[in-house]
Amino acid sequence: MHTRKEELAAIKMLTARSEFLIVQGKGKKWVSHGLILQMRPNDLGHIRTGYTVTKKIDKSAVKRNRIKRRLRSVAADVLPHYALDGHDYILVGRKLSATRSYDTLVDDLKWCLRRSGFSRIQEK
RNA sequence: CGAAGAAAUCGGGUGGCCGCUAUAUGUCUUAGGAUGUGUAGAGGAAAGUCCGGGCUUCACGGAAAAACGACGCCGGAUAACGUCCGGGGAGGGGGCAACCCCUUACGGCCAGUGCUGCAGAAAAUAAACUACCUCUCUUUAUCUUCGGAUGGGGAGGGGAAAAGGUGAGAAGGUGCGGUAAGAGCGCACCGCGAAUUCGGUAACGGAUUUGGCAUGGUAAACCCCGUCGGAAGCAAAACCAAAUAGGAGCUGCAUGUUACUUCGGUAACAGGUGUUUUUCGCACUGUAGCUCGGGUAGGUUGCUUGAGGUAUCUGGUAACAGAUAUCCUAGAUGAAUGGUCACCCCUGAUUUAUCAGGACAGAACCCGGCUUAUAGAUUUCUUCGACAU
RNA sequence: CGGAGCGUAGCGCAGUCUGGUAGCGCACUCGCCUGGGGGGCGAGGGGGCGGAGGUUCAAAUCCUCUCGUUCCGA
């Protein structure tokens with residue numbers, strides 16, 4: 001279930017710190033073992049994503065980078081198929097994000113989307 | 001062959017699927033991009049930010065001094081350094097010795113000032129005390145040939161700096177002589193200082209002569225001497241530049257009076273606007289359009305060809321330098337260089353076929369070093385042990 | 001990225017500049033006052049200078065390296 005390039009191109013990045021704070025402050029939040037998902041509707045009509053991995057999780061820059069790359073990969077696999085258009089999504093890394101198996105991490109993100117009601121496909 | 005140490009090099013590999021950044025090129029295109037293909041894409045420490053430079057801006061007439069900071073045996077290397085190389089001294093270890101190995105912030109406390117607790121008789125111009133030797137006076141015990149002799153106590157004068165459960169350190173050490181007792185007072189050896197001389201570019205080392213003990217320690221205490229240093233840093237800096245507010249100029253429209261006038265205007269007052277309304281008071285000087293400069297968000301440049309790498313030769317003990325040939329090797333900006341699966345390799349565990357693990361760690365303007373973290377592999381050298389000869 | 005500071009008893013701090021005894025408050029233990037609690041008074045204990053190395057006779061203090069933590073500027 002890999003994502004094609006045209007679908008990925010529709011997802012923009014969140015960059016400004018103020019936009020992150022708005023999503024964190026006013027959006028919805030759902031926590032799983034592998035990651036934390038924060039989301040909020042925007043007026044742009046397309047999906048935007050951002051990633052947060054703080055120094056609290058691990059002191060090593062190598063491990064933080066690895067967590068961020070895995071989250072980016074998981075989001076690229078899942079979001080184009082399951083996420084709603086016109087929403088901002090922020091994925092926050094946790095300690096388990098580095099060691100958890102990839103399939104479990106994908107399930108974590110789907111579960112967060114479904115439980116928070118921001119999923120396009122309502123699975124059984 | 002094994003163990004230890006030192007130095008150097010490397011620091012997992014191959015393939016499938018899906019992605020990221022840069023760049024070259026083809027196609028499409030609504031000219032902003034979309035898409036196909038090729039190529040390249042983290043380190044020895046990228047880290048800590050501890051030093052030294054390049055580069056940029058600011059300051060500055062040149063130079064020097066003061067102040068502050070860093071450094072500090074000698075010679076060399078280098079763009080420079082607190083780095084590196086070679087040498088010297090000192091300390092430690094091994095060895096019978098010759099000698100070998102390791103470490104080293106290693107200028108100056110006879111320029112000045114400070115500190116040196118406790119203990120100890122005394123802690124820095126050496127001098128008081130106990131003890132020692134001697135002289136004088138006095139007192140007393142014993143003996144007595146009645147002259148005195150010997151011993152003890154007390155007071156005073158002098159000698160000497162040898163003894164005194166301390167301490168990190170006690171004003172040269174050990175031995176012999178010498179003396180009333182003693183003392184470098186004299187001598188020998190050792191240590192130290194000075195002079196001469198020899199070797200060395202020098203640090204320094206050797207020899208001879210001589211002095212007669214002088215300079216306790218501490219400068220990672222203030223300080224003195226010598227050398228070096230303008231400051232801040234790519235989030236530096238340069239360029240392009242929206243919206244809003246404010247500034248300057250021009251033009252059009254909107255009022256009057258007076259004064260000056262180079263006849264363009266300028267100034268004052270009235271007027272106008274704001275302060276809820278009126279008076280007073282206070283503040284400001286209209287409106288529309290265009291242009292200009294400063295400059296914020298944002299963007300571009302800086303941004304990777306450089307004191308560059310590799311190979312060979314030459315010079316040098318070496319650090320390193322020179323010549324020739326050859327190569328181009330990351331440039332991101334919520335920040336790319338990956339995610340996932342399979343096989344191989346290595347390590348460990350046992351169920352001998354499985355399971356678990358594969359270090360330290362992620363470029364941010366670029367170089368030269370230092371320091372710290374680091375599983376494992378390979379090569380060379382030194383020492384020791386075993387085997388063979 | 002750049003800059004500054006702080007690690008001392010269970011907790012909050014002084015002592016560091018100018019090197020020799022590590023101390024203060026709260027907390028803790030015991031005793032007394034009270035019928036008990038709270039509170040008060042008196043007495044007492046415990047151990048601690050973030051870590052490693054160096055200078056010194058001697059280091060919490062001076063020097064070097066390192067670990068942790070807090071704050072500031074853009």
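This one's a predicted model, so the numbers in the text were calculated from it and none came from an experiment. To find a chain, count down the sequence lines: A is the first, B the second, and so on, and within it residues start at 1.
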Whole-Å distance separating the CZ atom of R64(A) from the P atom of A47(B): 14 Å
Please give the distance between the P atoms of G182(B) and A149(B) as a whole number of Å. 26 Å
Considering all heavy atoms of both residues, which atom of H33(A) and which atom of R94(A) are nearest to each other, and what is their separation? O-CD, 3.6 Å
Base partner of G212(B), which must satisfy Watson-Crick or wobble distances under 3.5 Å: none
I'd like to check the side chain to side chain donor-acceptor pair (under 3.5 Å) partners of S73(A); sequence neighbours left out, ordered by chain and number. Y102(A)
When rounded to the nearest 0.5 Å, the distance separating CG of L113(A) from CG of L37(A) is 5.5 Å
Ignoring hydrogens and angles, write down the donor-acceptor pairs under 3.5 Å from the side chains of residues 61-70 of chain A, residues two or more places apart or on other chains.
from, atom 1, to, atom 2, distance (Å)
R64(A), NH1, D58(A), O, 3.0
R64(A), NH1, K59(A), O, 3.3
N65(A), ND2, A61(A), O, 3.4
R70(A), NH1, S97(A), O, 3.2
R70(A), NH1, A98(A), O, 2.8
R70(A), NH1, R100(A), O, 3.0
R70(A), NH2, R100(A), O, 2.8

What is the distance from CG of D107(A) to C1' of U340(B), rounded to the nearest Å? 15 Å
Which base sits across from A373(B) as a Watson-Crick or G-U pair, both distances under 3.5 Å? none
Write down the atom of L35(A), the atom of L105(A), and the distance for their closest heavy-atom approach. CD2-O, 4.2 Å
When syn is taken as a glycosidic angle within 90 degrees of 0, is G19(B) syn or anti? anti
Using a cut-off of under 3.5 Å, enumerate the N/O to N/O pairs linking the protein to nucleotides 355-363 of chain B.
from, atom 1, to, atom 2, distance (Å)
G362(B), OP2, A61(A), N, 3.2
G362(B), O6, R69(A), NH1, 3.4

Using the P atom on both, measure A161(B) against G172(B) and round to a whole Å. 11 Å
Value in whole Å for how far the C1' atom of G19(B) lies from CG of D77(A): 9 Å
Please check this pair: side chain of R72(A) against backbone of Y51(A), looking for a donor-acceptor N/O pair closer than 3.5 Å. no
Closest approach of W111(A) and V31(A), non-hydrogen atoms and distance? CZ3-O, 3.7 Å
Could you spell out the base pairing of RNA chain C in dot-bracket, with Watson-Crick or G-U pairs whose two distances are under 3.5 Å, [ ] crossing and | to another strand? (((((((..((((......[..)))).((((((.....)))))).....(((((..]....)))))))))))).
Counting only Watson-Crick or G-U wobble pairs whose two distances fall under 3.5 Å, which nucleotide matches G112(B)? C222(B)
What is the glycosidic conformation of G293(B): syn, defined as within 90° of 0, or anti? anti
What is the glycosidic conformation of A22(C): syn, defined as within 90° of 0, or anti? anti
Is any N or O donor-acceptor pair between the side chain of S73(A) and the base of G338(B) shorter than 3.5 Å? no
Syn or anti conformation of U37(B), syn meaning chi within 90° of 0: anti
Does K29(A) reach the side chain of I36(A), with side-chain heavy atoms less than 4.5 Å apart? yes
Does G338(B) count as syn, meaning its glycosidic angle lies within 90° of 0, or as anti? anti
Rounding to an integer number of angstrom, what distance separates A46(B) and A297(B) when you compare their P atoms? 35 Å
Nearest-angstrom distance, C1' atom, C224(B) to G230(B): 27 Å
Can you tell me how far the NZ atom of K28(A) sits from the CZ atom of R40(A), to the nearest 0.5 Å? 13.5 Å
For A45(B), what is the paired nucleotide under Watson-Crick or G-U wobble rules, both distances under 3.5 Å? none
Paired to C81(B) by Watson-Crick or G-U wobble criteria (both distances under 3.5 Å) is none
Heavy-atom closest contact (V92(A) atom, L71(A) atom, distance): C-CD1, 4.2 Å
Have a look at R72(A) and say if it touches a base, only the backbone sugar-phosphate, or nothing, with a 4.0 Å heavy-atom cut-off. sugar-phosphate
Provide the distance between the two P atoms, one in G69(B) and one in C63(C), to the nearest whole Å. 13 Å
Whichever of V53(A) and V74(A) has the more 5' nearest nucleotide on RNA chain B, that residue is V53(A)
Return the nucleotide paired to U37(B): Watson-Crick means purine N1 to pyrimidine N3 with N6-O4 or O6-N4, wobble means G-U with N1-O2 and O6-N3, both under 3.5 Å. A24(B)
CG on L91(A) to OG1 on T52(A), rounded to 0.5 Å: 9.0 Å
Pairing check on A70(B): which nucleotide meets the Watson-Crick or G-U wobble criteria with it, both distances under 3.5 Å? U227(B)
How far does CE of M39(A) sit from CH2 of W30(A), to the nearest 0.5 angstrom? 8.5 Å
Please state the C1' separation for the pair G252(B) and C260(B) - nearest whole angstrom. 28 Å
Provide, to the nearest angstrom, the distance between the OH atom belonging to Y102(A) and the C1' atom belonging to A342(B). 17 Å
To the nearest 10 degrees, what angle separates the axes at the start and end of the helix from C132(B)-G159(B) to C143(B)-G148(B), five pairs each? 10°
Whole-Å P distance, G309(B) and A330(B): 15 Å
Interatomic spacing from CG in L109(A) to CG in D77(A) - rounded to 0.5 Å: 10.0 Å
Rounded P spacing from C101(B) to C384(B) in Å: 13 Å
Using atom NZ of K68(A) as one end and atom P of U337(B) as the other, report the distance to the nearest whole Å. 10 Å
Given atom CG of L79(A) and atom P of G19(B), what is their separation to the nearest angstrom? 16 Å
Quick check for you: to the nearest 0.5 Å, what is the distance between D107(A) atom CG and R114(A) atom CZ? 9.0 Å
Pairing check on U197(B): which nucleotide meets the Watson-Crick or G-U wobble criteria with it, both distances under 3.5 Å? G206(B)
